[in-house]
Amino acid sequence: MSRRFDEDRLHVLQVVSNLGIGGIQTLLLNYARQLELQGVVFDFAVLDSEKGQLEDELSSLGSRITHLLREPGEKLFPGNSFEKLLVGERYEIVHTHTDLWEFAPLHIAKRCGVPVRIAHAHMYKAKTDLLRGALRAYCARRIRANATDFWCCSEWAGESLFKQQIDLHVMYNAIDPGRFAFDETARRDLRERLGIDGLCVGHVGRQSEEKNRPLLLRAFAEVVRQVPATLLLVGCDEGYYERELSALAFSLGIDPNVICLPPQAEVARFYSAMDVFCLPSRFEGLGIVAIEAQANGLGVVASMEGVPKEADVSGSMDFVSLQAGAKEWADALMKAPCRTSEKGNPVAGSPYDIAVAAKRLADDYRRLADSARRRREGL
């Protein structure tokens with residue numbers, strides 16, 4: 001038997017595209033920090049060959065990280081490398097996070113006899129064209145044929161990926177609420193360093209089309225017409241801004257008011273520099289940045305069609321339709337509730353509190369592993 005199961009701890013293999021700074025990766029790191037105390041360790045099978053920014057900390061927590069190597073002819077998934085890993089380590093649980101292509105590692109895990117195979121839906125996809133819709137339906141069938149359990153960050157995301165009525169289990173996109181609490185010193189220092197004066201509209205997200213930043217720029221332009229303001233975009237490097245957003249910003253006359261920062265390892269402190277948070281996404285599985293912003297005490301304005309209601313842990317989020325004009329979005333940003341210390345932290349003690357969620361997750365993994373062992377032993 002592999003040494004992985006000679007230990008008291010339960011090792012769960014997480015399959016991810018990379019271990020850079022991203023929503024899924026940060027979520028898994030948040031859990032890994034807590035699960036160490038619960039006797040559960042995350043190992044990682046990584047599709048990207050490059051070392052990610054989160055690997056050092058994960059390794060310090062006991063994670064074993066394997067970069068899967070593609071062999072000639074393997075375009076979709078490095079199957080041979082993954083199969084060797086499974087045969088050598090004999091994992092009881094494989095948990096995949098690769099969206100449509102989850103069926104590939106799940107199929108190999110099934111063939112290798114891994115008893116618990118978790119497919120995880122992180123993304124909600126709204127309307128799509130006929131070809132992409134057919135592709136999603138095909139992949140969903142393959143996922144359902146190879147997974148034993150179907151997890152999601154919201155029921156909205158689960159129904160979007162898995163398509164059929166199946167038993168869905170929500171794994172909460174949990175955070176450490178204390179890390180995201182408002183910090184007056186960080187606010188003062190960051191606003192001074194970045195030259196922020198007046199109202200600061202904030203946004204955090206990776207460089208992708210679904211974040212819908214053109215709408216954000218148009219809404220912000222309407223805000224600037226009313227008050228002095230700055231738009232703080234965290235997660236967009238200058239190259240992306242120049243390619244995708246600068247022409248629109250110039251045409252709207254707001255380029256001097258926009259600050260663009262690359263992905264941050266310690267993003268929590270940047271929320272304190274903001275006064276209101278905007279998430280006009282076309283689609284989100286949940287929108288963990290909205291949870292983080294609420295933990296900081298920010299009012300959040302999000303898209304009605306793209307962000308699920310589960311994200312509203314404070315009960316004060318404002319949902320605006322993507323069909324609404326920029327003026328309506330601007331009005332919502334201007335009316336968003338101000339941060340007050342009396343409100344407390346709405347995430348603390350909720351299902352999105354990592355201390356609460358990690359214990360639940362450890363129990364879920366152990367329940368699945370114990371059930372698989374009982375079936376194997378004929379009990």
Side-chain angles (χ1 to χ4, degrees), residues 1-20 24-25 27-29 31-33 35-36 38-99 101-120 142-143 145-151 171 361-362 364-379:
M1 180 175 287
S2 166
R3 63 179 177 83
R4 316 249 21 105
F5 304 109
D6 291 334
E7 305 169 0
D8 293 333
R9 299 183 297 176
L10 172 64
H11 284 253
V12 177
L13 183 63
Q14 307 288 344
V15 183
V16 296
S17 58
N18 63 74
L19 284 174
I24 295 172
Q25 295 82 353
L27 172 69
L28 293 174
L29 175 59
Y31 271 108
R33 289 169 176 152
L35 288 172
E36 184 182 25
Q38 305 285 341
V40 177
V41 177
F42 286 171
D43 290 347
F44 291 87
V46 186
L47 274 61
D48 194 343
S49 60
E50 299 294 324
K51 180 179 179 179
Q53 296 98 316
L54 304 184
E55 290 195 26
D56 287 341
E57 182 176 354
L58 286 166
S59 295
S60 74
L61 295 170
S63 296
R64 177 176 177 177
I65 299 168
T66 303
H67 289 266
L68 303 177
L69 301 177
R70 279 185 171 82
E71 297 183 3
E74 291 185 327
K75 294 182 179 180
L76 178 62
F77 185 79
N80 288 334
S81 179
F82 187 58
E83 184 169 348
K84 290 176 184 176
L85 174 62
L86 295 182
V87 170
E89 300 297 345
R90 297 183 65 181
Y91 287 99
E92 292 181 298
I93 301 177
V94 167
H95 191 162
T96 62
H97 306 269
T98 51
D99 196 41
W101 310 116
E102 292 186 13
F103 70 81
L106 289 167
H107 174 70
I108 295 170
K110 182 178 182 180
R111 191 172 68 209
C112 290
V114 177
V116 180
R117 304 177 300 276
I118 303 171
H120 198 127
R142 296 288 304 276
I143 290 170
N146 290 285
T148 58
D149 297 86
F150 303 88
W151 289 17
M171 173 179 158
L361 180 61
D364 289 336
Y365 280 141
R366 292 199 179 280
R367 172 179 50 79
L368 291 172
D370 290 345
S371 177
R373 289 169 187 157
R374 287 195 299 272
R375 288 197 303 271
R376 184 172 63 242
E377 295 166 2
L379 300 178

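Basis for what follows: all heavy atoms, side chains included, without hydrogens, waters or symmetry-related copies.
- The shortest side-chain heavy-atom distance between Leu61 and Leu29 falls under the 4.5 Å cut-off.
- The side-chain contact (heavy atoms from CB on, under 4.5 Å) search around Ala362 returns Leu35, Gln38, Val40, not counting sequence neighbours.
- Atom CZ of Phe77 sits about 5.0 Å away from atom CZ of Phe82, to the nearest 0.5 Å.
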With side chain to side chain contact (heavy atoms under 4.5 Å, CB included) as the test, would you mind laying out the steps for Arg366 and Leu10 before giving the verdict? CA-CA 8 Å; Arg366 292 199 179 280; Leu10 172 64; 3.9 Å; yes
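- Proximity of a side-chain donor or acceptor of Glu377 to a complementary backbone N or O of Arg374 within less than 3.5 Å is not detected.
- Across all their heavy atoms, Ser81 and Leu69 have their closest contact at OG-N, 3.3 Å.
- His11 has its side chain out of reach of Glu89: every pair of non-hydrogen atoms, C-beta onward, lies at least 4.5 Å apart.
- Rounded to the nearest 0.5 Å, atoms CD (Glu55) and CD1 (Ile65) are 4.5 Å apart.
- Judged by distance alone, the side chain of Ser17 and the main-chain N or O of Leu47 form no donor-acceptor pair under 3.5 Å.
- Rounding to the nearest 0.5 Å gives a distance of 8.5 Å between CD1 of Ile143 and CZ of Phe150.
- The residues Asp364 and Arg367 are annotated as salt-bridged, a charged nitrogen and a carboxylate oxygen being separated by less than 4.0 angstrom.
- Under the 3.5 Å distance criterion, the side-chain polar atoms of Lys110 are left unmatched by any main-chain donor or acceptor of Arg117.
- The two residues Gly62 and Val41 come nearest to each other via the heavy atoms O-CG1, 3.5 Å.
- Put simply, CD1 on Ile93 and OH on Tyr365 are 7.0 Å apart, with the number rounded to the nearest 0.5 Å.
- The CG atom of Leu106 sits 10.5 Å away from atom CG of Asp149, with the distance rounded to the nearest 0.5 Å.
- Qualifying salt bridge (Lys or Arg N to Asp or Glu O under 4.0 Å) partners for Asp48, counting only residues two or more places apart in sequence or in other chains: none.
- Contacts of His97 classified as side-chain contact (heavy atoms from CB on, under 4.5 Å), with partners at least two apart in sequence or in another chain: Gln14, Val16, Ile24, Leu28, His95, His120, His122.
- Minimum heavy-atom separation, Phe42 to Leu361: CZ-CD2, 4.1 Å.
- Considering all non-hydrogen atoms of both residues, Leu86 and Ala109 come closest at CD1-CA, 3.6 Å.
- The side-chain contact (heavy atoms from CB on, under 4.5 Å) check on Ala372 picks up Pro115, Val116, Arg375, with sequence neighbours excluded.
- Atom CZ of Arg33 is separated from atom OG of Ser60 by 9.0 Å, given to the nearest 0.5 angstrom.
- Each of Ile118, Ile108, Thr96, Leu85 was scored for a side-chain contact (heavy atoms from CB on, under 4.5 Å) with Val15, with one residue passing: Thr96.
- When all heavy atoms of Gly20 and Gln25 are compared, the pair lying nearest together is O-CB, 3.2 Å.
- Not counting sequence neighbours, the partners of Glu74 by the side-chain contact (heavy atoms from CB on, under 4.5 Å) test are Arg70, Glu71, Pro78, Asn80.
- Arg111 meets the salt bridge (Lys or Arg N to Asp or Glu O under 4.0 Å) test with Glu83; sequence neighbours excluded.
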